[in-house]
Amino acid sequence: MAIISPSVLASESAALMPPRDSAMWQKNFIFGAATASYQIEGAIDADGRIPSIWDTFSATPGKVANGDSGENACDHYHRWAEDVSLIKELGLDAYRLSVAWPRVMDAAGKPNPKGLAFYKRLLEALKAKGLKTFVTLYHWDLPQYLQDRGGWINRDIAYRFADYADLVSRELAGLVDAWTTLNEPWCSAFLGHASGKQAPGFKNLRYARQAMHHLLLAHGQAVPVLRANDPQVPVGLVANVGYGTPATDSPEDKRAAELFQTQHNAWVFDPLFRGRYPADLDTLWPDSAQLVFDGDMQTITAPIDYLGINYYFRTCLKSDGANGFIEVPVDGVEKTMLDWEVHPDGLRRLLVEFHNTYANLPPIYVTENGMASADAVVNGEVVDTQRIAYLGGHLRAIDQAMREGVDVRGYFAWSLLDNFEWSYGYEARFGIVHVDYATQARTPKHSALALKRFLAERRTNGDSP
């Protein structure tokens with residue numbers, strides 16, 4: 001391992017740190033890193049795990065870059081102890097992970113003891129090191145047999161999800177500090193059922209709207225189950241949010257940006273916090289309304305204890321000349337390797353907007369935030385200066401939102417490890433820790449070391465809560 005100059009590390013840490021008078025220096029503000037089961041675990045045939053929709057999607061030619069899959073990923077299933085030690089060594093407060101539904105239940109709906117034992121060992125090790133555990137029940141790896149029955153288009157899945165939530169929360173009660181029902185239902189609904197970019201790969205807006213309703217219904221069904229089985233633990237949902245700005249000052253382009261944010265944000269938040277879907281969805285997607293039964297919205301609006309927000313980039317929009325929008329590329333701005341614009345102020349603006357829009361908005365955790373780059377180990381180091389600046393810019397944006405009254409209680413970098421990045425395969429590296437997929441060697445990048453230094457200084461000099 002190369003020796004990194006203390007002066008270089010100090011300057012990098014300074015670029016990442018929030019302002020000295022920020023509430024983020026208080027020890028009750030949680031800093032963590034996040035992962036997801038299919039993206040890191042590998043071992044897709046081990047110990048009774050059954051196939052998921054991402055196994056099927058990845059095996060379909062042309063769906064994932066380079067034909068990649070999560071078959072091996074980061075081999076976290078076998079290397080979890082090393083990864084737990086790594087999290088502790090970086091000085092993080094918490095770890096956000098997901099449980100793989102296909103690993104813990106079989107096709108008959110019966111528990112898989114070996115799969116459950118894996119998560120028990122993992123969580124026990126995290127707790128033994130004093131780390132907080134944020135556990136997501138659904139991060140997209142739906143069992144394939146449920147997809148064969150209609151997946152999220154079939155209303156029955158909401159009740160199967162409640163059964164799954166019941167099993168996992170009974171088995172893991174006492175080892176979890178926060179339960180999350182769903183990760184990014186927008187992606188599951190729209191990318192999985194309208195654009196076809198993610199599993200299961202449909203291109204049908206009616207499917208997408210029905211899938212969203214059943215996702216939210218599943219969430220609502222699971223909330224009381226989680227509370228009954230683990231009553232002292234907060235329950236929430238994680239949503240990816242989109243920040244859109246108009247390409248021009250024309251009324252049409254302003255309306256386009258408004259519609260973009262409606263379908264990205266209000267499509268999830270209006271049902272959760274207002275008990276109704278936004279009317280503009282019918283403007284965007286006429287003749288595709290979801291089927292809602294009596295009592296559904298009451299179930300969906302079950303109060304939650306926190307909301308997770310995942311934010312990555314800004315989108316510029318223009319009118320399509322009808323009732324929709326078109327994304328417009330922007331030149332002269334900083335972008336990542338995925339052509340995503342680096343725009344921290346979008347996160348601040350969205351946090352403030354949600355705070356001002358929803359009177360019953362619960363406390364917020366930024367549960368994913370990060371950027372992709374083509375990182376490589378050179379002389380034992382991974383110098384990811386752009387990522388350090390990216391993280392620092394977004395921490396300062398969150399700090400400003402907090403000063404404007406938004407109740408933000410934690411931040412999780414995406415991701416702990418370079419991993420299988422869904423349809424992008426392994427080319428897009430989001431980790432603060434580099435993974436050599438041939439050897440599975442882990443190398444903390446400069447961003448991880450900068451974060452470690454900040455957290456060490458916070459422990460020494462930060463204000464007590």
Side-chain angles (χ1 to χ4, degrees), residues 1-34 86-94 311-313 333-337 340-348 351 365-366 368-373 375-404 406 408-418 429-434 443-465:
M1 177 67 68
I3 298 175
I4 303 170
S5 166
S7 62
V8 171
L9 185 54
S11 64
E12 290 177 330
S13 297
L16 182 144
M17 289 179 183
R20 289 286 177 173
D21 62 344
S22 171
M24 293 179 181
W25 284 87
Q26 296 179 359
K27 296 181 180 68
N28 62 345
F29 188 93
I30 293 174
F31 278 94
L86 180 59
I87 296 165
K88 181 64 176 178
E89 289 168 9
L90 293 178
L92 297 171
D93 304 313
Y311 173 85
Y312 290 95
F313 58 93
V333 297
E334 182 186 2
K335 297 182 180 180
T336 71
M337 70 169 288
W340 295 357
E341 182 188 355
V342 178
H343 194 82
D345 194 55
L347 177 56
R348 178 193 67 82
L351 291 173
Y365 291 85
V366 175
E368 287 184 26
N369 178 238
M371 59 157 284
S373 54
D375 301 315
V377 180
V378 179
N379 296 324
E381 297 181 60
V382 182
V383 181
D384 56 340
T385 305
Q386 187 186 17
R387 179 173 290 104
I388 293 170
Y390 180 101
L391 297 177
H394 286 81
L395 290 179
R396 288 185 286 276
I398 296 166
D399 172 68
Q400 185 58 46
M402 293 168 70
R403 295 174 194 266
E404 296 180 51
V406 185
V408 184
R409 300 189 180 182
Y411 175 89
F412 292 76
W414 183 268
S415 173
L416 174 69
L417 305 170
D418 292 338
R429 292 179 175 269
F430 277 87
I432 59 173
V433 174
H434 182 276
T443 304
K445 303 176 186 179
H446 278 214
S447 56
L449 300 176
L451 182 58
K452 177 180 180 179
R453 184 175 178 124
F454 158 56
L455 294 174
E457 185 170 342
R458 187 177 74 147
R459 284 192 295 274
T460 302
N461 301 320
D463 296 329
S464 297

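Both backbone and side-chain heavy atoms feed into the values below; hydrogens, waters and symmetry mates do not.
By the ring pair (Phe, Tyr, Trp, His ring centres under 6.0 Å) test, F412 is found to be paired with F134, residues two or more places apart in sequence or in another chain being considered. Residues satisfying the side-chain hydrogen bond (donor to acceptor under 3.5 Å, both in side chains) test with E334, not counting sequence neighbours, are Q386. Under the salt bridge (Lys or Arg N to Asp or Glu O under 4.0 Å) criterion, K88 pairs with no residue, sequence neighbours left out. With sequence neighbours left out, the ring pair (Phe, Tyr, Trp, His ring centres under 6.0 Å) criterion links F454 to W25, F31. Applying the side-chain contact (heavy atoms from CB on, under 4.5 Å) rule to A372 yields the partners M337, L338, A428, F430; only residues at least two apart in sequence or on another chain are considered. Checked against side-chain hydrogen bond (donor to acceptor under 3.5 Å, both in side chains), Y390 has the following partners two or more places apart in sequence or in another chain: N369. Partners of D384 by salt bridge (Lys or Arg N to Asp or Glu O under 4.0 Å), not counting sequence neighbours, listed by chain and number: R387. With sequence neighbours excluded, the residues that form a ring pair (Phe, Tyr, Trp, His ring centres under 6.0 Å) with F313 are W340. Applying the side-chain hydrogen bond (donor to acceptor under 3.5 Å, both in side chains) test to Y312 and every residue at least two apart in sequence or in another chain returns E368. With sequence neighbours excluded, the residues satisfying salt bridge (Lys or Arg N to Asp or Glu O under 4.0 Å) with R409 are D407. Partners of A450 according to the side-chain contact (heavy atoms from CB on, under 4.5 Å) rule, which considers only residues two or more places apart in sequence or in another chain, are E12, S13, L16, I388. Not counting sequence neighbours, the partners of E404 by the salt bridge (Lys or Arg N to Asp or Glu O under 4.0 Å) test are R348.
The CD atom of Q400 sits 13.5 Å away from the CG atom of L395 when rounded to the nearest 0.5 Å. The CD1 atom of I398 sits 6.0 Å away from atom CZ of F29, with the distance rounded to the nearest 0.5 Å. Here the straight-line distance linking atom CD of E381 with atom NE2 of H434 works out to 13.0 Å at 0.5 Å rounding.
Counting heavy atoms from C-beta on, the side chains of L416 and I87 come closer than 4.5 Å. Within the 4.5 Å cutoff, the side chain of L86 has heavy atoms near those of the V433 side chain. V366 has its side chain out of reach of H394: every pair of non-hydrogen atoms, C-beta onward, lies at least 4.5 Å apart. Counting heavy atoms from C-beta on, the side chains of K445 and D418 come closer than 4.5 Å. Proximity of R403 to P19: side-chain heavy atoms (C-beta onward) are separated by under 4.5 Å at one or more points.
Of all non-hydrogen atoms in L391 and S447, the two that sit nearest each other are CD1-CB, 4.4 Å. Scanning all heavy atoms of the two residues, the minimum distance from S22 to D399 falls at OG-OD1, 2.7 Å. The two residues P344 and G393 come nearest to each other via the heavy atoms CB-O, 3.5 Å. Here the shortest heavy-atom pairing between P444 and L449 reads CB-CD2, 4.1 Å. Across all non-hydrogen atoms, the minimal contact from I432 to A448 is O-CB, 3.2 Å. Nearest heavy atoms, R458 versus K27: O-NZ, 3.8 Å.
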For this session: Using the side-chain contact (heavy atoms from CB on, under 4.5 Å) rule, take L90 and L455 through it: C-alpha gap first, then chi angles, then the decisive distance, then the call.
Result: CA-CA 8 Å; L90 293 178; L455 294 174; over 6 Å; no

